[in-house]
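Protein chains get the first letters and strands the later ones, always in sequence-line order, with residue 1 at the start of each.
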Amino acid sequence: MAEYLQQYLPQSLAYLTAALVHAVLILVVVALGTLIFIWLERKVSGRIQDRLGPTRVGGKFGWLQTLADGLKLITKEDLRPASADSMLFLIAPYVSLCASYVAYIALPFADGWVAIHLNVAVFFIVAVLGLEVFGVMLAGYASGSKWSLFGAMREAAQVVSYEVPLGICVVVPVLIAGTMDLVAIGQMQAGWFFNWFLFHDPFTFIVFWVYFTCATASVNRAPFDLAEAESELVAGFHTEYSGVRWSIFFMAEYSSMVVVSALAAILFFGGWNGPLPITHWLGLADSANPLAHYVANLLGLINFLGKAIAGVTFMMWVRWTLPRLRIDQVMATCLKYCTPIAAFGFAGAVIWTFLFPGGLVIPNKDWVVQEEYQLDEPQAQSAASTSAASTSPLAHADSGLHAEEHHGTD
Amino acid sequence: MNLLTEPIGVSHYLIVGAIMFVTGALCMATKRNALGVLMGIELVLNGANVNFVAFGSEYLRPGAVSMGLDGQLIALFVIVLAAAEAAVALAIVLNFYNNHSSVDVDKADELKG
Amino acid sequence: MEPINWHSVFFLLFALVGCGFSVAVLLTSNVVRMAFYLVLALAATSGLFFLAGADFVGAMQIMIYVGGTLVLLIFGVMLTARGPFISMRTPAGEWILGAIIGGSLLVVLLSAATSVRAWRPVAVAEGEARPTATRLGMALLGARVDKLEEPDPTQREGMSGYLLPFEIVSVHLLVVLVGSAYLARPKKRAVGSTAETV
Amino acid sequence: MATQTDDPRIIEFDVRTDEMLVNMGPQHPSTHGVLRLVLRTDGEIVSEATPHIGYLHRCAEKIGENLTPRQWIPYTDRMDYLAGMNMNLGWSLAVEKLMNLELPEKARHLRVLIAEMNRIASHLVGMGAYGLDLGTFSPFLYAFREREKILDLFEEVCGARLTYSYITVGGATADLPPGWLQKCEAFLDQLRPVIDEYHALLTTNAIFVRRTAGIGVLSAEKAIDYGCTGPVLRGSGVDYDLRRDGEQRYTEMYDGYAFEVIVERDGHYPKDHDYPPVPKTAVLGDCWHRFYVRMLEVMQAMDLVRQAIDRYSMCSGDWGTPVKLTEKLPKGDAYMETECPRGQMGFYIVSNGGSIPLRARARSSSFCNLSVTYDLCRGCLIADVPAIVGSLDIVMGEIDR
């Protein structure tokens, strides 16, 4: 893109524009996603509770309800308590949003459709999501309210603890795939749905549920929403926030929900690969025609977003069904159940991959293996096309990984 | 010399590392809050890490001149040990706080717990 | 006009953020803000690591340093943040002394950093840096895949791998875990009376 | 996480933190109206929880000294606004006792029918709001959905949905409308399976059990000492229900009705055969038992309503004519206690012979039940405070009057 723009603009401007376009694209995904997911949450909760949810604004289904609410929030007064540490109070929501926004950078939306093709993408996303806690802690401390401080302390304790089992769970698919590159992990699960890592072995199946539990906890959703437990702490860390800043916390929460669900989709549910290898049958995925590849990717995008939305909806279902845990029970759940189960699953997956390398039931195994060897070429292409705005060493960070892997294991 | 057009070398990284190291050392020297001292230590370690990564970077120093992976490996060890150090130091600070109801390091002059 | 080197631009950005906030850590007396500035400084450093082609170390920096260590630190700050401790001022004398020593140290370090010819910038073709995660992992397990082509056999032997340090660090972490749990263990104490540690 | 050890002077702690004074309420999502709890906390641990009341004080008793008993009936509605019918009934019985009025049989069954229906409605709110206190929203709306149906029925009876003023001195203001009994039976039929849903969502839910079992244990002795009544008392295992043990004028209303007092005997509750068993972690007198007693009382009330429907439809004659608005009261005083959904609600009336009483007083059940908070909340976690206060199921309108 930058190269294309360079024909018309000075070089520096061309790169900046290209970078801005990418950044804005992701921001649109975040913002639009939040709008849609808040609407979805209200619809889902409404249906669960025998209500209709929003019905008026924007037609029959209340499509525009969130937009109307957003406008209302923007016009609201931006309150700041007198006892607040004003600088930190003002910055905190943006810290939260940044953390979950940055995670999108390494998230592939389809085969090769990723802002920056990192070869440590899994690690990067998990690491960056962990930063969201800073916004919450700063908000809690800076508000100068005791309820906020309680919320912040709970959040800190909870997120730090849950990062341990979450990390172990994430390592399991990485271990099976042999790479931390999300694009490569996605490509490995192409084909039928039993190629998905969820069905790779019984241990990954267990580990997925642990992952989802820990992910729910780490993005602060019920039944782990201790930091904002409204029946105990009024509203926890965002008690003192109003208007735009409050809605930014909301945006951060929803966008990180999407990130963890999307990560689950890639790590366990085959990412952009549908349950049936339709694009393969149609010859779209392997076609040399760039348009066919584009169509395949578009289908993949729909697939991927569908899985992510399903994950988020599942979180909503859980939220509107279960009571909230107490803080000591949350910690006990993490340390007594999630961590040992995740560790057990990890050990099991290690043994399984050692005994049955390449999985147990993959009838068209040759095809998958073939895919693996073909990795380099499309990846180099995608890296070149998508990473124009990124810095150079990052963009090309991936090529040669697999060659090296075989080299190393020999 | 135009910084925007010139390539970046190891020395640039070393300058950043030096600044971080010195601010960290000064933090350790001047802060009275034990946690501030701890943060100074983190800065010092971080400054050193910048240097290691710069020396090990194949991008900055291609070929055999580079430390290669050793730089990055040492940086990794430093990060891990810094985490360990922070955990222990924090435990000490909290213990100190329990005993003295203060985190002022100037009060830690008793040589007994 | 010379083409802009984007690598340098990003380096400048991250370097300025990193150095700026480390100085801010030094200058502020509010311990919570200090922690916040430190977070930003360390995050910017991880950006520098990414720029130097050390993507694994960069992610590690975010994950462990920023996400783990600093959350722990802020936790400690919040536990001990009572009125007088939030901002403890340093006497002016110490500042002057510190500035002199720090300034001279900085001068020494800077002159050293800029004077070595081998550390001067070299123009490197883009895309030369290769992913490091696998090689690092292999090195930690004792196999140096990056040194296989080492022409000097003596060097090849000396840099065989990091299995032993890796194991030592693992055990060390365990020890630290136990140790810090021991240090911060709950103590029984009678209300009202002073030290009676069990 | 520090918890209290046996010796109250020894407190285990990880890090010495400052004790904080936190105001929970009067504007707080889970304090059931305008209760203000002042919490003294050490981190997450509550070392003291002091309830402060009076934010809803409306001088109801003083107003009662300036109105005739029938005029004061609407004020009793606004005491326990979730169980207005029971309040009307209590006051009416007190006045009838003073006037020594005898009611026709039909009025007796009508009162049982209406009072038990209101008990169901009240317990449904209590259950839903308790779910809300524990952080689950949906059961609240499910409970309100059923309560709406009861309110619809009440609306047909008396035109009001919350403040009924239906039961009055001398009987009720009107007879039940034609066809109402069938609707009522249809409602009971569809409520029965819904109750199982509530059990699935709350009573047997693992998280719910972990949040409530063994939390806020109120021993039987302490419950009696504090004057707790109603489900709070029965949840502690004390076999006491005014419908059986009360004054004769009240118990004779329930003469011939088959019902068992909901109280635990040997680990079992009456009528709990098709119900989930008591979880192993639950201790008699904890939040779970108080909640469970309420759930079973809904079943009990449904039985009573069915019996009342049968007996009411068999009666002929008068439903009880209300006394004149300005009927003269005999000189003297009378005190009458009834079993309201929240416990023992007493009304006291003193008259000097005029039509306006000299004194009108109320003994509030929620007031006594609330007084145990201080004891129960000591040493618990902040999250347990809403769980404990919610399990007492207080209504501030009744406490502050």
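- Chain B forms more heavy-atom pairs under 4.5 Å with one residue of C/Ala35, C/Gly103, C/Ala15, C/Gly58 than with any other, namely C/Ala35.
- Interatomic distance, C/Phe49 CZ to B/Ile79 CD1, rounded to the nearest 0.5 Å: 5.5 Å.
- Here the side chains of B/Val16 and C/Phe14 are not in contact, with every heavy-atom distance at 4.5 Å or above.
- Between chain B and the residues C/Leu106, C/Ile64, C/Leu177, the most heavy-atom pairs under 4.5 angstrom are made by C/Leu106.
- For the pair B/Val80 and C/Met60, the minimum side-chain heavy-atom distance is below 4.5 Å.
- Residues B/Phe52 and C/Val57 fail the side-chain proximity criterion, which asks for heavy atoms closer than 4.5 Å.
- The distance from atom CG of C/Leu110 to atom CD1 of B/Ile19, rounded to the nearest 0.5 Å, is 6.0 Å.
- The shortest side-chain heavy-atom distance between C/Gln61 and B/Asn46 falls under the 4.5 Å cut-off.
- Comparing C/Leu70, C/Leu105, C/Thr45 by how many heavy-atom pairs each has under 4.5 Å with chain B, the most go to C/Thr45.
- Heavy atoms closer than 4.5 Å to chain C are found in the backbone of B/Ala29, but not in its side chain.
- Closest approach of B/Val22 to C/Gly102, counting heavy atoms only: CG1-O, 3.5 Å.
- Here the side chain of B/Tyr13 pairs a donor or acceptor atom with the backbone of C/Leu48 at under 3.5 angstrom.
- Of the two parts of B/Asn49, the backbone and the side chain both hold a non-hydrogen atom closer than 4.5 Å to a non-hydrogen atom of chain C.
- For C/Leu38, the part lying under 4.5 angstrom from a heavy atom of chain B is the side chain only.
- Atom CZ of C/Phe166 and atom CG of B/Leu76 lie 9.5 Å apart (nearest 0.5 Å).
- One finds the NE2 atom of B/His12 at 6.5 Å from the CZ atom of C/Phe11 (value rounded to the nearest 0.5 Å).
- When heavy atoms are compared at a cutoff of 4.5 Å, B/Leu26 approaches chain C by way of both its backbone and its side chain.
- Only the side chain of C/Leu173 comes within contact range of chain B, judged by heavy atoms closer than 4.5 Å.
- In this structure, the separation between NZ on B/Lys31 and OG1 on C/Thr28 is 6.5 Å, given to the nearest 0.5 Å.
- Highest contact tally toward chain C, considering only B/Gly40, B/Ala87, B/Ala86, is held by B/Ala87 [criterion: heavy-atom pairs under 4.5 Å].
- Only the side chain of C/Val169 comes within contact range of chain B, with heavy atoms under 4.5 Å apart.
- If you tally non-hydrogen atom pairs under 4.5 Å between each of B/Ile92, B/Val93, B/Val88 and chain C, the highest count goes to B/Val88.
- Counting heavy-atom pairs closer than 4.5 Å to chain C, the top-ranked of the candidates B/Leu38, B/Val50, B/Leu90, B/Leu45 is B/Leu90.
- For a residue to count as touching a neighbouring chain, one of its non-hydrogen atoms must lie under 4.5 Å from one of that chain's; by this rule B/Glu42 touches chain C with backbone and side chain alike.
- Contact between B/Met20 and C/Ser22 at its shortest, heavy atoms only, is CG-OG, 3.7 Å.
- When side chains are defined from C-beta on, B/Leu35 does not count as touching C/Met34, because their heavy atoms never get closer than 4.5 Å.
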Report the C-alpha separation of B/Thr30 and C/Leu26 in whole Å, then their side-chain angles, then the decisive distance to 0.1 Å, and conclude whether the side chain to side chain contact (heavy atoms under 4.5 Å, CB included) test is met. CA-CA 8 Å; B/Thr30 57; C/Leu26 178 62; 4.0 Å; yes

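- Residue contact with chain C, scored on non-hydrogen atoms closer than 4.5 Å, involves the side chain of B/Leu81 exclusively.
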